[in-house]
Amino acid sequence: MKLLKNEVQHLVMEALETLGGDSSLVEKMLQASREITQGDLTLPCFPFAKALGMAPVAIAENLKDAMKPHDAVSDVTAVNGYLNIRASPSWLAKQLLAGRSRHAADEIRTDVLIEHTSANPNGPFHVGRARNAILGDTLVRLHRLWGNRVTAEYYVDDMGKQVAVLAWALENMSKQEVEELLSDRDPVNSQWMNKADHQRVRFYQAAQRRRQEGSDAEEIEKAIGSLVHASEHGDESVLEAFERAYQPVLDGMLETLGRLGVHFDRFTKESTFVVNGDVADLMEELSGLGINGVAENGAQYLDLGQRGLKGKTEFFYRRGDGSSLYATRDIAYHRWKWRQCDRLVNVLGEDHKLQAQQVGLTLVELGERKPEVMFYSFIKLPEGKMSTRRGNVVFMDDLLEEAHAHAKEVLKERRPELSASEVANIAEAVGTSAVRFNIVNVSPEKGFTFRWEDALSFEAGSAPFIMYSHTRACSIRRRVQEIDPHAEPSSSVDMLDEDQMPEGLVALLRTLAVHDDRLSKAVREHRPNLFAEYMLHLSTAYNMFYRDCYIVQNGQINTFFYTVSELARAALKGGMEGLGIVALESM
RNA sequence: GGGCGUGUAGCACAGCUGGAUAAUGCACCGGCCUCCUAAGCCGGAGAUCGCGGGUUCGAAUCCUGCCACGCCCGCCA
């Protein structure tokens, strides 16, 4: 609790100095209490024992007695060698009501560029890719909640083999031929028949099959090879043909993502840096580096082993034919990105770890900084790995439909009086929010197994749980305004005496007070799950407050409670937006 | 074979820059709707923190060995 720490750290330091202890350690050691029931800040006294020649238990006791009283502190205790400091709830309330709980502006807000998703535009968005989009978009939103200026960027892979296969198939195969080749597979869900990503992926899949099994596989390979070659040398007519092939697919994917609340500020095409010459310039510059090496056929690489890379140390950036590689273009892209931000973050699957290291080391070699990377591990199905080729994928479009349908069922049972359009609206919000939360709630580097029952769970620990708390706060506001249309939250209200404050109120005040502590950590360490956890705590705290503190009773409005409720409502709403959960006012 | 990551109640997940009785949810058991929405609240039970060593006053947390799982080790993207 930084709010409290700012206030009392010097008191703890002074108390420690009276015992002759090294107060410079206090800054680091005075930390949020692990046992929330014990207090808000805790100083473990063990590290001071040796220097003071005193038992930790005695140090804690002495510190307790030496601490000067302060408005912000309601209680200081010494337990088992820990000095526990509890914030005064009424002091907390005053700070919160006066808007002083936000971290000070000394924690700089910056320009951040976050690249995420960047999936190849060759087919519908599936759940396996969802982690990138949802984590990335959440990170974007959390940075914005914190106050940073953010550009969310999608790097479009508009050249190379995958797009070439798609373009070739659309040019050279008929719809009928495609369906014949794929006759052993499930047909396109009729609901998505007219969605270009679902339509065109069939061409891609059929072409893949012909490339592998067809009698003319060799010729096809040749044709595709020449397209790839042309695109890599910046042939604009080929690149334009590619774009005509993938753009409708990308649009379909973005429609799906939009339904999840995932949006981008900018799309940057990979070919940009080939066409504008940046890649050629870059390769020229790389070839002049001391760690440059040349293979027999003229291909070039950097020996990153000399810069500490383990395992395979040769990093190839130029083929024997002189063309660039994906990673080379990525480096050109990164230099371009660095010219427009202070902080650069990439969201990447764990399969990109080596490549990210190569790109990072090369950037350093060129005098640039490494980007920050949020890695996540893949989503798998209970049956095993997801694979487009084997056809065991869950499309995001289908998941969202399921989630919507499930929410609708729940809703019909709970709120039979709602109209069809209200039901549709709420079900969509609940369904998409639940899907997002299910993914964002787990730590990115942990493996994730997609289970329908988890994705569609609406109970405690889910997005609807948070949404529900928020609607309660909204409902209360509506009631207050019905009673008195001019009712306003007020920062100058009579508060309850500290000893009369109910448990739920105190819990809520304490939770609101640590909002920025948790947000700043989530943003700094790119760990959205930490903030998701906070939002669950906040919702629980609001529910306790709701239980203990009647804002409207016998037609009378309790302005203090109402003010606290409104603070919580704002925090809930802001936090929900930060997580991409739809903040409904009624559900 | 080498590199990186993960391993915490039946399941899922937090805590990991060393500190108290390892937090939370699901499932399980028991209570709460004449009272601001019960998608809620209260209580109960459930954990050799993968296994073995080491460092330390103190280890889920740090070091080391082993085991299991994932990812990578293309002049692919």
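Just so it is clear: chains get the letters A, B, ... in the order the sequence lines come, proteins before strands, and each one is counted from 1.
- Of all nucleotides listed (A77(B), A14(B), A39(B)), A14(B) comes nearest to the side chain of Leu530(A).
- Of the candidates G70(B), C72(B), A12(B), C72(B) carries the atom nearest the Leu354(A) side chain, counting heavy atoms from C-beta on.
- In this structure, Asn84(A) reaches the bases: a heavy-atom distance under 4.0 Å links it to at least one base atom across the strands shown.
- Base orientation of C13(B): anti (glycosidic angle beyond 90° from 0).
- Remark: Phe267(A) engages Tyr154(A), Phe264(A) in a ring-ring contact (aromatic ring centres under 6.0 Å, His included) (not counting sequence neighbours).
- For A39(B), the base has no donor-acceptor partner in the side chain of Ser462(A) [N/O atoms by modelled type, under 3.5 angstrom].
- Residue-level contact check: Ser457(A) touches neither bases nor backbone, having no heavy atom under 4.0 Å from any strand.
- The residue Arg477(A) sits apart from the nucleic acid: no heavy atom pair falls under 4.0 Å.
- Distance CD1 (Ile331(A)) to C1' (A77(B)): 14 Å, rounded to an integer number of Å.
- The interatomic distance linking Phe458(A) (CZ) with A39(B) (P) rounds to 13 Å, in whole Å.
- Side-chain contact, His334(A) with Asn346(A): a donor N or O sits under 3.5 Å from an acceptor N or O.
- Atom NZ in Lys412(A) sits about 18 Å away from atom P in A39(B), given to the nearest Å.
- For Ser565(A) and Arg477(A), the side-chain atoms include no donor-acceptor pair closer than 3.5 Å.
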Next item on the list: Verify side chain to side chain donor-acceptor pair (under 3.5 Å) between Ser469(A) and Tyr546(A), making sure each step is shown before the conclusion.
Entry: CA-CA 9 Å; Ser469(A) 293; Tyr546(A) 174 88; over 6 Å; no

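- At most 12 heavy atoms of other shown residues, nucleotides or ligands fall within 6.0 angstrom of atom CD in Glu413(A).
- Comparing the same atom, C1', in C71(B) and in C75(B) gives a spacing of 23 Å after rounding to whole Å.
- Among the atoms of the strands shown, only primed sugar atoms or phosphate atoms (P, OP1, OP2) are found under 4.0 Å from some heavy atom of Val442(A).
- When each of Ser586(A) and Pro44(A) is assigned the nucleotide of RNA chain B with its nearest heavy atom, Pro44(A) is the one assigned upstream, toward the 5' end.
- The closest donor-acceptor contact from the side chain of Asp517(A) to the backbone of Lys2(A) lies under 3.5 Å.
- Distance check on atom P: C33(B) versus C16(B) gives 41 Å, rounded to whole Å.
- Across the protein-nucleic acid pair, Phe378(A) atom CZ and G5(B) atom C1' stand 12 Å apart, rounded to whole Å.
- The closest side-chain donor-acceptor pair between Thr42(A) and Asn84(A) falls under 3.5 angstrom.
- Distance, Asn441(A) CG to C26(B) C1': 12 Å, rounded to whole Å.
- Comparing the P positions of G7(B) and G50(B) gives a spacing of 8 Å, expressed to the nearest Å.
- Side-chain nitrogen and oxygen atoms of Asn543(A) include at least one within less than 4.0 Å of the OP1 or OP2 phosphate oxygen of C41(B).
- Here the C1' atom of nucleotide G50(B) and the NZ atom of Lys446(A) are 13 Å apart, to the nearest Å.
- Put simply, CG on Leu361(A) is 14 Å from C1' on C4(B), counting in whole angstrom units.
- Residues from residues 555-569 of chain A lying near RNA chain B, meaning a heavy-atom separation below 4.0 Å, are absent.
- To the nearest whole angstrom, the two P atoms, one in U17(B) and one in A59(B), are 16 Å apart.
- Nucleic acid contact for Cys474(A): none, since no nucleic acid atom lies under 4.0 Å from a heavy atom of the residue.
- Here the side chain of Lys310(A) is nearest to one of A14(B), C4(B), C71(B), namely C4(B).
- Looking at the side chain of Arg527(A), the nearest of the listed nucleotides C71(B), C42(B), G15(B) is G15(B).
- Between Tyr301(A) and Tyr317(A), the distance separating the two ring centers is not shorter than 6.0 angstrom.
- At the heavy-atom level, Arg415(A) lies under 4.0 Å from base atoms of the strands shown.
- When heavy atoms are screened at a 4.0 angstrom cut-off, Gly447(A) is found touching the sugar-phosphate backbone but no base atom.
- Using a 4.0 Å heavy-atom cutoff across all strands shown, Met587(A) reaches at least one base atom of the nucleic acid.
- A cation-pi arrangement is absent between Arg518(A) and Phe531(A), since the terminal nitrogen or guanidinium carbon is not both under 6.0 Å from the aromatic centre and inside a 45° cone about the axis.
- For RNA chain B, the stems formed by at least three consecutive Watson-Crick or G-U pairs, with both atom-pair distances below 3.5 Å, span B:1-7 with B:67-73, B:10-12 with B:24-26, B:28-32 with B:40-44, B:50-54 with B:62-66.
- A donor-acceptor contact under 3.5 Å is not formed by the side chain of Tyr301(A) with the base of C75(B).
- Nearest nucleotide to the side chain of Lys353(A), out of U6(B), A39(B), C4(B): C4(B).
- Taking only side-chain atoms of Lys312(A), from C-beta outward, the nucleotide of C75(B), C42(B), A39(B) with the closest atom is C75(B).
- Residue contacts shown for Asp321(A) are absent, as no nucleic acid heavy atom lies under 4.0 Å away.
- Here C71(B) is the nucleotide among C57(B), A77(B), C71(B) with the atom lying nearest to any side-chain atom of Asp351(A).
- Residue contacts shown for Pro47(A) include a base, since a base heavy atom lies under 4.0 Å away.
- Contact annotation for Glu525(A): no contact, since no heavy-atom pair falls under 4.0 Å across all strands.
- One cannot find a donor-acceptor pair under 3.5 Å joining the base of C26(B) and the side-chain atoms of Asp454(A).
- The shortest distance between the side-chain N/O atoms of Ser443(A) and the OP1/OP2 oxygens of A14(B) is below 4.0 Å.
- Candidate nucleotides C36(B), C75(B), U6(B) were compared by shortest atom distance to the side chain of Arg319(A), and C75(B) ranks first.
- Phe316(A) comes within 4.0 angstrom of a base, heavy atoms only.
- Closest to the side chain of Thr42(A), from the set A39(B), A77(B), A20(B), is A20(B).
- Gln355(A) comes within 4.0 angstrom of a base, heavy atoms only.
- When ring centroids are compared, Phe458(A) and His406(A) come within the 6.0 Å threshold.
- Residues Glu153(A) and Tyr333(A) have side chains that bring a donor and an acceptor to within less than 3.5 angstrom of each other.
- Cation-pi check for Lys353(A) over Phe375(A) is met; the charged atom lies under 6.0 angstrom from the ring centroid and within 45 degrees of its normal.
- For G40(B), the OP1/OP2 oxygens have no side-chain nitrogen or oxygen of Arg472(A) closer than 4.0 Å.
- Counted within 6.0 Å of CD on Glu296(A), heavy atoms from surrounding residues, nucleotides or ligands total 12 or fewer; the atom is thus considered open.
- One atom, CG of Asp548(A), and another, C1' of C32(B), lie 14 Å apart when rounded to the nearest Å.
- Side-chain N or O atoms of His233(A) include one that pairs as donor or acceptor with a backbone N or O of His229(A) at under 3.5 Å.
- The side chain of Tyr546(A) has C36(B) as its nearest neighbour among C36(B), G70(B), A39(B).
- For Gln38(A) and A20(B), a side-chain-to-base donor-acceptor distance below 3.5 Å is absent, hydrogens and geometry of angles not being considered.
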